[in-house]
There are 2 protein chains.
Amino acid sequence: MENISHNKKYKALMETGRRLFWKHGFRRVSVEEVCEEAKVSKMTFYKYFPNKFELAKAVFMEVVGKGVTDFKSIMAADLPVGEKMHRLILTKVEGTNEVSREFLADFYLGAEPELKEFVEKTTTEVWNELIKDYRKAQEEGMLRNDFKPELLLKIATKLVELLKDESLLAMYDTPQDLLLEFTNLLVYGVAPHSSHEK
Amino acid sequence: MENISHNKKYKALMETGRRLFWKHGFRRVSVEEVCEEAKVSKMTFYKYFPNKFELAKAVFMEVVGKGVTDFKSIMAADLPVGEKMHRLILTKVEGTNEVSREFLADFYLGAEPELKEFVEKTTTEVWNELIKDYRKAQEEGMLRNDFKPELLLKIATKLVELLKDESLLAMYDTPQDLLLEFTNLLVYGVAPHSSHEK
DNA sequence: ATTAAATATACGAATTACGTATAAAAATAT
DNA sequence: ATATTTTTATACGTAATTCGTATATTTAAT
């Protein structure tokens with residue numbers, strides 16, 4: 001069991017690091033803060049990572065890598081748009097997708113340029129793939145035409161954040177019910193509609 | 001012209017302070033940072049505010065006060081739900097509504113308890129008023145019944161954040177067009193519908 | 001020209017953050 | 001049970017931030 005990346009504490013640091021860096025960026029988050037929230041002592045932190053920057057780098061690479069894979073496999077599948085949307089949101093919930101603007105902002109100022117290049121290429125690549133997919137769905141009449149697919153993606157991303165809202169979750173039996181509500185909203189809106197009425 | 005609150009620099013500090021505090025909370029934002037972003041020198045900052053805490057307090061009171069007034073006047077108006085939703089989002093865009101959880105988290109740790117009480121009372125008050133309103137709309141058949149109004153409010157709040165997304169804004173002639181798109185989505189969804197087809 | 005407002009710069013003091021060293025405690029393996 | 005590894009608690013020195021102020025200069029308004 002010498003694979004460091006499967007270590008419990010290591011994973012806790014990565015997870016907490018991602019959460020905090022994603023939200024507040026690099027400089028606003030301290031090593032001590034990450035340790036506290038991850039319930040890992042500072043010593044073990046420095047056992048796994050030589051410094052704060054390397055944690056951020058590791059987090060970043062993992063997120064982007066995993067995100068791209070997930071995205072692509074969903075998009076490659078032969079599924080109806082609604083189902084794809086559903087799964088897309090699901091993977092976002094798992095928290096591996098999207099690169100926080102806040103994070104990029106000050107993390108990159110001190111990073112190697114190759115990192116930046118790699119990421120920007122892969123993200124826009126996936127992004128375009130998604131948009132193409134929605135465009136096709138529009139042509140097939142599954143989505144209304146006066147709607148920019150780019151907008152839909154951004155909206156989906158935003159809605160994902162709500163899936164962690166406790167007061168909302170308390171209103172539903174399971175998180176899946178809330179998620180279902182989201183997809184329903186995106187597809188049908190709040191207006192009454194015959195095919196979906198209770 | 002001795003009214004300090006109409007001063008240009010004062011307003012810049014309040015505006016920047018709100019933006020940063022809202023996003024990152026109290027402790028993560030420094031006075032120098034606020035000054036830089038607001039393009040105000042540190043000296044003038046300390047001319048208007050004795051310290052960082054007082055800025056946060058001023059920002060907070062202004063936001064809550066203005067937010068409540070706006071909310072109430074919209075809700076009191078005799079308008080269709082769609083129009084109310086539209087205006088609600090508009091006022092949110094102006095940035096005076098909602099109290100950031102991040103901000104409350106560490107700002108309140110050092111604040112007077114009376115502030116906390118005041119705010120919690122007024123916010124839940126307004127919140128309930130809104131929900132009541134949407135419930136009424138549901139009973140009148142303007143919204144589908146299998147939809148919790150609380151969710152709609154949270155969603156609206158999230159969507160507002162997208163109204164500042166530059167890449168999205170670039171796709172529309174005016175910000176109003178993007179806003180219109182949001183309300184359309186909320187009401188009709190992305191599915192094709194006869195009454196709204198292009 | 002006079003006055004008021006805003007800035008640039010630098011400063012000391014306090015706090016925070018970084019990364020390391022040491023020794024104790026907890027968990028795991030033998 | 002004993003040995004070994006892993007994690008922790010604590011403290012430390014150093015560096016960087018941040019706070020709030022002091023002083024001198026610039027800009028803008030009257």
Side-chain angles (χ1 to χ4, degrees), chain A residues 1-60 102-103 105-112, chain B residues 1-60 102-103 105-112:
Chain A
M1 205 190 279
E2 56 194 10
N3 191 347
I4 193 179
S5 63
H6 289 70
N7 183 288
K8 197 172 158 188
K9 297 288 174 179
Y10 176 90
K11 271 159 52 177
L13 288 172
M14 290 284 279
E15 169 53 33
T16 309
R18 189 186 54 72
R19 210 187 70 241
L20 291 177
F21 286 144
W22 246 232
K23 174 133 204 195
H24 297 293
F26 183 69
R27 76 192 149 91
R28 293 185 140 94
V29 177
S30 75
V31 173
E32 263 122 355
E33 190 181 0
V34 174
C35 289
E36 277 172 31
E37 298 238 348
K39 299 225 187 328
V40 173
S41 79
K42 208 159 83 161
M43 280 313 298
T44 30
F45 176 97
Y46 282 105
K47 185 184 170 186
Y48 291 128
F49 305 97
N51 52 48
K52 180 173 147 190
F53 185 81
E54 289 302 317
L55 168 64
K57 207 162 117 183
V59 162
F60 182 76
E102 205 68 33
F103 181 57
D106 53 9
F107 172 65
Y108 266 160
L109 294 182
E112 298 98 18
Chain B
M1 206 191 279
E2 57 192 10
N3 191 348
I4 192 179
S5 62
H6 288 71
N7 183 288
K8 197 173 159 188
K9 297 287 173 180
Y10 176 91
K11 270 159 53 177
L13 288 172
M14 290 284 279
E15 168 54 32
T16 309
R18 188 185 55 71
R19 210 186 70 241
L20 292 177
F21 285 144
W22 246 230
K23 174 134 204 191
H24 298 292
F26 183 68
R27 77 194 148 92
R28 294 186 140 94
V29 177
S30 75
V31 172
E32 261 122 357
E33 192 181 359
V34 174
C35 289
E36 275 171 34
E37 298 238 350
K39 299 223 191 311
V40 172
S41 79
K42 208 157 81 160
M43 280 313 297
T44 27
F45 176 97
Y46 282 105
K47 184 182 169 187
Y48 291 129
F49 304 97
N51 52 48
K52 182 172 145 190
F53 185 81
E54 289 302 316
L55 168 65
K57 208 162 117 183
V59 161
F60 181 77
E102 205 68 33
F103 181 57
D106 54 8
F107 172 65
Y108 266 158
L109 294 182
E112 299 97 20

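The figures that follow rest on heavy atoms only: side chains count, while hydrogens, waters and symmetry mates do not. Just so it is clear: chains get the letters A, B, ... in the order the sequence lines come, proteins before strands, and each one is counted from 1.
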Can you check whether [X] has a side-chain N or O nearer than 4.0 Å to OP1 or OP2 of [N]?
X: Y48(A); N: dT6(D); result: no
X: T44(A); N: dT7(D); result: no
X: N7(A); N: dT6(D); result: no

Show your reasoning for whether side-chain contact (heavy atoms from CB on, under 4.5 Å) applies to Y10(B) and K47(B). CA-CA 9 Å; Y10(B) 176 91; K47(B) 184 182 169 187; over 6 Å; no

How far does NZ of K23(B) sit from CZ of R28(A), to the nearest 0.5 angstrom?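 K23(B) atom NZ to R28(A) atom CZ measures 9.0 Å (nearest 0.5 Å).
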
Atom CG of N7(B) and atom CE of M14(B): how far apart are they, to the nearest 0.5 Å?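 The CG atom of N7(B) sits 12.0 Å away from the CE atom of M14(B).
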
Checking side-chain contact (heavy atoms from CB on, under 4.5 Å) for the pair Y48(B)/E54(B): CA distance, chi angles, key distance, verdict? CA-CA 10 Å; Y48(B) 291 129; E54(B) 289 302 316; over 6 Å; no

Evaluate the ring planes of F60(A) and W22(A), with Trp represented by its six-membered ring, and classify them as parallel (under 30°), tilted (30 to 60°) or perpendicular (over 60°).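 Geometry flag for W22(A) against F60(A): tilted rings.
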
If you fit an axis to the five pairs at each end of the helix from dA1(C)-dT30(D) to dT30(C)-dA1(D), how big is the angle between those two axes, to 10 degrees?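 So the angle between the two local helix axes works out to 40°.
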
Starting at atom [atom1] of [X], determine the distance to atom [atom2] of [N], rounded to an integer number of angstrom.
X: L13(A); N: dG19(C); atom1: CG; atom2: C1'; result: 15 Å
X: F49(A); N: dC18(C); atom1: CZ; atom2: P; result: 15 Å
X: E36(A); N: dT16(C); atom1: CD; atom2: P; result: 12 Å
X: K9(A); N: dA26(C); atom1: NZ; atom2: P; result: 13 Å
X: Y10(A); N: dT6(D); atom1: OH; atom2: C1'; result: 17 Å

Can you give one letter per nucleotide of nucleotides 14-30 of chain D, going 5' to 3': B for a protein heavy atom under 4.0 Å from the base, S for sugar-phosphate only, - for none? ----SBBBB--------

Minimum heavy-atom separation for L55(A) to G17(A), with atom names?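 In this case the closest contact between L55(A) and G17(A) is CD2-CA, 4.5 Å.
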
Which atoms form the tightest heavy-atom contact between A38(A) and A12(A), and what is the distance?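 That would be CB-O, 3.7 Å.
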
Flag, side chain of K52(B) to backbone of F26(B), donor-acceptor distance under 3.5 Å: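 Side chain of K52(B) to backbone of F26(B): a pair is present.
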
Do any N or O atoms from the side chain of K9(B) and from the backbone of K39(B) form a donor-acceptor pair under 3.5 angstrom?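 Present.
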
